[in-house]
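Working notes, beginning with the structure itself.
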Protein chains: 2
Amino acid sequence: MVALSRSGTSQAERRPATSARQRIQLGTLNERVGYFVRRLQVWIFQDFIRTLKTAQIRPAQYSVLVLIGANPGLSQAELADALGIERARLVRLLDGLDGRGFTQRLRSTKDRRSHALFLTPAGRKMLDRLEVLVARHEQHVGERLGSARRTALIRLLRDFG
Amino acid sequence: MVALSRSGTSQAERRPATSARQRIQLGTLNERVGYFVRRLQVWIFQDFIRTLKTAQIRPAQYSVLVLIGANPGLSQAELADALGIERARLVRLLDGLDGRGFTQRLRSTKDRRSHALFLTPAGRKMLDRLEVLVARHEQHVGERLGSARRTALIRLLRDFG
DNA sequence: TATTGTTATACTCTATAACTATA
DNA sequence: TATAGTTATAGAGTATAACAATA
């Protein structure tokens, strides 16, 4: 690090090389919602993954557990549709969660093509534990964005789904 | 679509099977900023890719072209840092853009390790064309979110970077 | 015929580590 | 030694297409 206390130095001189980005112009990117939404999403996911490192659960896995917990017996097609992911992708996600004993696929009695999804007792317990960690993550987001802005943001986006 | 004008039908009856997702509970996902930000980001990128299909340019490629255009001569390390992507990833991105004749890597005279990045005339022309398509995309976002909400969102997130 | 879950493939993106050439 | 660009690899995520079982 470079000492900041010296006087009479130009901006360029008193700034370490790694902060040079502050001088870079965003140009028309400044008008692109997608750019800012993407930057925020990447930051949020990185913090989520870091904060839930001990549980070894990623955002997509968490959302699957929450939705099964809140809608026991729903099918894979319904779940994939609700989360906006491909049926094909959900298969692998559930393979992993099943393998760790958190979820269960039971063949539906009404339609023998489909599976009814449930949390196991271990899955429920895991989800309870996750919610504590996720609350901590959500607090990081609040610290980063400012609590008021976080609330404004979630209110703004909730209608979107 | 199912006619909505009939009376005396229950909610469940007048809803087609593919909209069953409307009945699914989001549970605690309702309080997670990351969930909504991710859903919006995916939607925005999908529309971006669709709208710029004819130009065969994806969001990351667009952001690279804009930043080089606004900061001619910057280095790969600076660019990667400004966009929050890995140096390693930028190499491949630039390989593609160089190969299509849009960008140029010149060895820096000051520090012979680094490259000074520039748009070629073809790259500048391409970028001008892209901005027209991106403006169209941005309008789609406005239609989807509501124009006022889009403005509020971009203002809210701009400070974040 | 259409849908559900599944398998398979290709590509994008993230995250790391290691190498080379320069500094 | 440290940094810039590069190569390589592994894993997550997206997008498709095709298949068997069932409707």
Side-chain angles (χ1 to χ4, degrees), chain A residues 1-2 16-20 34 38-39 41-50 52-53 56-64 73-81 83-98 103-117, chain B residues 16-18 20 34 38-39 41-50 52-53 56-64 73-98 103-117:
Chain A
M1 270 304 198
V2 172
T18 49
S19 296
R38 173 61 172 173
R39 292 299 299 258
Q41 183 263 307
V42 167
W43 187 91
I44 289 177
F45 270 39
Q46 283 171 342
D47 183 84
F48 186 103
I49 293 165
R50 204 182 313 128
L52 279 77
K53 189 84 173 178
Q56 284 290 99
I57 289 287
R58 297 173 61 89
Q61 298 173 309
Y62 168 71
S63 66
V64 165
L74 90 170
S75 72
Q76 294 184 200
E78 285 168 339
L79 178 52
D81 185 52
L83 290 176
I85 64 179
E86 293 297 323
R87 288 198 322 280
R89 182 165 180 241
L90 184 55
V91 173
R92 292 270 208 122
L93 276 170
L94 285 173
D95 286 349
L97 295 171
D98 276 25
T103 55
Q104 235 178 341
R105 291 184 254 212
L106 302 183
R107 200 157 282 284
S108 167
T109 50
K110 298 174 185 172
D111 182 341
R112 298 194 48 249
R113 288 174 303 182
S114 74
H115 293 161
L117 304 176
Chain B
T18 48
R38 173 63 171 172
R39 293 299 300 257
Q41 183 262 305
V42 167
W43 187 90
I44 289 178
F45 270 38
Q46 284 172 340
D47 183 83
F48 186 103
I49 293 165
R50 204 182 314 128
L52 277 79
K53 189 83 172 178
Q56 284 290 97
I57 290 287
R58 297 173 60 88
Q61 298 172 309
Y62 169 70
S63 65
V64 165
L74 89 172
S75 72
Q76 294 185 200
E78 287 169 337
L79 178 52
D81 185 53
L83 289 176
I85 64 178
E86 294 297 323
R87 287 198 323 281
R89 179 161 186 246
L90 183 56
V91 173
R92 293 269 208 123
L93 276 169
L94 285 175
D95 285 349
L97 295 170
D98 275 24
T103 55
Q104 233 179 342
R105 291 184 256 213
L106 301 183
R107 200 157 283 283
S108 167
T109 51
K110 298 174 185 173
D111 183 340
R112 298 195 46 249
R113 288 173 303 184
S114 73
H115 293 160
L117 304 176

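Keep in mind that this is a model prediction, so the values were computed, not measured. Just so it is clear, the values below take in all heavy atoms, side chains as well, and ignore hydrogens, waters and symmetry mates.
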(request) Using only side-chain N and O atoms of Gln76(B), determine if any of them is under 4.0 Å from OP1 or OP2 of dT6(D). (result)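 Answer is yes, contact under 4.0 Å.
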Taking all heavy atoms of [X] and all of [Y], pick out the closest pair and write down the distance.
X: Arg105(A); Y: Leu117(A); answer: CG-CD2, 3.5 Å
X: Phe45(B); Y: Gly34(A); answer: CE1-O, 4.1 Å
X: Val64(A); Y: Leu94(A); answer: CG1-CD2, 4.0 Å

How close or far is atom [atom2] of [N] from atom [atom1] of [X], stated in whole angstroms?
X: Leu94(A); N: dT4(C); atom1: CG; atom2: P; result: 15 Å
X: Arg105(A); N: dA21(D); atom1: CZ; atom2: P; result: 18 Å
X: Leu93(A); N: dT6(C); atom1: CG; atom2: P; result: 12 Å
X: Ile57(B); N: dT12(C); atom1: CD1; atom2: P; result: 12 Å
X: Leu79(A); N: dT4(C); atom1: CG; atom2: C1'; result: 13 Å
X: His115(A); N: dT22(D); atom1: NE2; atom2: C1'; result: 11 Å
X: Arg50(B); N: dA15(D); atom1: CZ; atom2: C1'; result: 13 Å
X: Ile85(B); N: dA15(C); atom1: CD1; atom2: C1'; result: 13 Å

(request) Using the closest heavy atom to pick a nucleotide of DNA chain D for each, name whichever of Gln46(B) or Arg58(A) lands nearer the 5' end. (result) Arg58(A)
(request) Tell me which of Asp95(B) and Gly84(A) sits closer to the 5' end of DNA chain D, going by the nucleotide each one is nearest to. (result)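 So the residue in question is Asp95(B).
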(message) Applying a 4.0 Å non-hydrogen cut-off, can you work out what Arg92(A) is touching in the nucleic acid: base, sugar-phosphate, or nothing?
(response)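 Arg92(A): no heavy atom of the nucleic acid under 4.0 Å.
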(request) Classify the nucleic acid contact of Ser108(B) as base, sugar-phosphate or nothing, counting any heavy atom under 4.0 Å across all strands shown. (result) nothing
Side chain of [X]: nearest nucleotide among [options]?
X: Val91(A); options: dT14(C), dT6(D), dT7(C); result: dT7(C)
X: Ser114(B); options: dT7(C), dA4(D), dT14(C); result: dA4(D)
X: Arg38(A); options: dT7(D), dC13(C), dG5(D); result: dC13(C)

(message) When you measure from the side chain of Arg39(B) to the backbone of Leu83(A), do you find a donor-acceptor pair of N or O atoms at a distance under 3.5 Å?
(response) yes
(message) Going by the rule ring-ring contact (aromatic ring centres under 6.0 Å, His included), which residues pair with Phe48(A) if we only count those two or more places apart in sequence or in a different chain?
(response) Tyr62(A), His137(A)
(request) Take Leu93(B) and Ile85(B) through the test side-chain contact (heavy atoms from CB on, under 4.5 Å) and record every step on the way to the result. (result) CA-CA 11 Å; Leu93(B) 276 169; Ile85(B) 64 178; 3.9 Å; yes
(message) At under 4.0 Å between heavy atoms, how does the protein contact nucleotides 16-23 of chain C? Give one character per nucleotide, 5' to 3', with B, S or -.
(response) B-----BS
(message) Using a strict threshold of under 4.0 Å (side-chain N to carboxylate O), is an ion pair present between Arg92(B) and Asp95(B)?
(response)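 Arg92(B) and Asp95(B): not salt-bridged.
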